[in-house]
Amino acid sequence: MSITWQIKELSTCESTFIEARKYPAWTIVNCIHQSKGRGRFNRTWFGEQGGLWVNYNLPIDEKLSCPWGFMPLVAGLALMRALQRYRIEGLRLRWPNDLLVGRHKLAGILVERPAANMLTVGIGVNMHNNIIKLHGLTTDYPVRLADLLPAACPSVQQLRDELAAELAAIYLIFTQEGVAPIISMLESAWGSPRPVVAITDTERICGHFIGVEEDGSPILRQADGSTLRVPGITINRLKELI
């Protein structure tokens, strides 16, 4: 199935999420500069000129019994696949919505449902933007594509369009075939198992992150070799320990 996206380009806005609500499914909204971008739990997202700050509106068919809470992982997989062609060493996903290179943060994802029949996938990628000013302001040390690919970094528009194609393809697999093929494709996206602590309102659960369940909840391998599913909806943060 071929998808034709409509593209709305803005020079500046408070948040692409606010602008994206004005448009129907299969619309891309991107801007050069975001003044009030945000991430998960309303954390500040710095959207300076030179990065990719974009929202993709996707349709929801309410007749389908899709676990829509799985969508950050669908989007993460699409972003991973769009960037894998550039052969970036150490590229990996971190549950539930970050793309890292080693321990440095390259991109973040936020998914919202502004209407019953539509999802909005927000993605921010550090590309040519100035990340020096971010040092000390973010939890993760940032990295940008321009430094990782000094001779082959794509333009913001090129990556936006490459990501749109991957997102449409993965989304159609998700809605037509369910989560099983997505989980299979995600297996190599996490990198090697890492020790983490899942922080909830009431406890801290330690283990090695090894993958996700069909609802997107992380699976942790315990010291005794057993596995534990931690309900994703209860996790405020999954912190890597190394």
Side-chain angles (χ1 to χ4, degrees), residues 1-48 51-83 93-99 105-127 129 156-157 159-176 178-179 182 186 215-216 232-233:
M1 180 179 177
S2 177
I3 299 298
T4 300
W5 293 89
Q6 301 300 313
I7 300 175
K8 305 295 181 181
E9 295 182 283
L10 308 171
S11 59
T12 185
C13 68
E14 287 191 358
S15 168
T16 50
F17 270 103
I18 295 173
E19 298 300 322
R21 295 190 188 113
K22 302 174 184 178
Y23 301 103
W26 301 120
T27 301
I28 298 171
V29 178
N30 76 281
C31 71
I32 294 173
H33 173 260
Q34 280 191 116
S35 60
K36 294 183 180 179
R38 57 187 171 83
R40 196 165 177 246
F41 298 122
N42 283 318
R43 298 186 181 107
T44 299
W45 182 273
F46 300 92
E48 299 292 330
L52 173 62
W53 323 123
V54 62
N55 279 63
Y56 299 89
N57 286 347
L58 295 169
I60 289 179
D61 184 345
E62 293 186 292
K63 297 176 183 178
L64 301 177
S65 58
C66 295
W68 299 112
F70 202 87
M71 272 304 301
L73 302 182
V74 172
L77 178 61
L79 179 58
M80 182 90 173
R81 287 166 65 96
L83 288 171
L93 291 179
R94 179 177 64 188
W95 188 94
N97 62 339
D98 292 326
L99 188 73
K105 186 168 178 177
L106 178 61
I109 298 162
L110 182 64
V111 179
E112 294 186 346
R113 188 171 177 175
N117 62 349
M118 190 173 76
L119 284 169
T120 296
V121 176
I123 296 178
V125 185
N126 293 319
M127 295 188 67
N129 50 306
V156 171
Q157 291 77 14
L159 182 60
R160 177 200 66 196
D161 295 346
E162 290 171 349
L163 176 53
E166 291 289 352
L167 182 58
I170 299 298
Y171 183 70
L172 292 176
I173 291 173
F174 170 65
T175 55
Q176 294 173 8
V179 300
I182 306 298
L186 281 168
D215 65 350
I233 196 171

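All values below come from the heavy atoms of this structure, side chains included, with hydrogens, waters and symmetry mates left out.
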*asked:* Could you report the tightest heavy-atom contact between Cys66 and Thr175, atom names first, then the distance?
replied: SG-CA, 3.9 Å
*Could you tell me the separation between the OG1 atom of Thr27 and the NZ atom of Lys8, rounded to the nearest 0.5 Å?*
7.0 Å
*Are any of the side-chain heavy atoms of Asn117 and Glu62 separated by less than 4.5 Å?*
no
*How far apart are the closest heavy atoms of Ile109 and Pro72, and which atoms are they?*
CD1-O, 4.1 Å
*Kindly indicate whether the side chain of Leu79, heavy atoms from C-beta on, has any atom under 4.5 Å from the side chain of Val125.*
yes
*asked:* Ignoring hydrogens, what is the shortest heavy-atom contact between Ala75 and Val121? Give both atom names and the distance.
replied: CB-CG1, 3.6 Å
*asked:* Has Trp53 got a side-chain atom pairing as donor or acceptor with Glu48's backbone, closer than 3.5 angstrom?
replied: yes
*Please state whether the rings of Phe174 and Phe70 are parallel, tilted or perpendicular, taking 30° and 60° as the class boundaries.*
parallel
*Please report the C-alpha distance between Ile60 and Met118 in whole Å, then the side-chain angles of each, then the deciding distance to 0.1 Å, and finally whether the side-chain contact (heavy atoms from CB on, under 4.5 Å) criterion is met.*
CA-CA 5 Å; Ile60 289 179; Met118 190 173 76; 5.7 Å; no
_Value rounded to 0.5 Å, distance of CG in Leu93 from CG in Leu186_ = 6.5 Å
*Does the pair Glu19 and Gln34 meet the rule for a side-chain contact (heavy atoms from CB on, under 4.5 Å), with working shown?*
CA-CA 11 Å; Glu19 298 300 322; Gln34 280 191 116; over 6 Å; no
*Could you walk me through whether Glu9 and Cys31 pass the side-chain contact (heavy atoms from CB on, under 4.5 Å) test, one step at a time?*
CA-CA 6 Å; Glu9 295 182 283; Cys31 71; over 6 Å; no
*Go through the steps for Leu110 and Phe17 under the test side-chain contact (heavy atoms from CB on, under 4.5 Å), then give the verdict.*
CA-CA 10 Å; Leu110 182 64; Phe17 270 103; 3.6 Å; yes
*Provide the closest heavy-atom pair for Trp95 versus Gly216 in the form atom of the first, atom of the second, distance.*
NE1-O, 2.8 Å
*Listed once per pair and sorted, the salt bridge (Lys or Arg N to Asp or Glu O under 4.0 Å) pairs that draw on residues 63-82, sequence neighbours left out*: Arg81-Glu166
*For Trp68 and Asp61, work out which heavy atoms get closest and say how close.*
CZ2-O, 4.1 Å
_Sequence-distant partners of Tyr56, ring-ring contact (aromatic ring centres under 6.0 Å, His included), two or more places apart_ = Trp5
*asked:* Could you measure the distance from the CG atom of Leu52 to the CG atom of Leu159? Nearest 0.5 Å is fine.
replied: 5.5 Å
*Check whether any side-chain heavy atom of Val111 lies under 4.5 Å from a side-chain heavy atom of Val74, and answer yes or no.*
no
*Kindly say whether Leu163 contributes a backbone atom to a donor-acceptor pair with the side chain of Arg160 at under 3.5 angstrom?*
no
_Working to the nearest 0.5 angstrom, can you tell me the gap between Gln6 CD and Tyr23 OH?_
11.5 Å
*Calculate, to the nearest 0.5 Å, the distance between atoms CD1 and CG belonging to Ile3 and Leu172 respectively.*
5.0 Å
*Have a look at Asn30 and tell me which of Thr16, Ile123, Ile7, Leu10 forms a side chain to side chain contact (heavy atoms under 4.5 Å, CB included) with it.*
Ile7
*With sequence neighbours left out, write down each residue that passes side-chain hydrogen bond (donor to acceptor under 3.5 Å, both in side chains) with Thr120, or none if nothing qualifies.*
Asn57
_Working to the nearest 0.5 angstrom, can you tell me the gap between Ile28 CD1 and Gln157 CD?_
11.5 Å
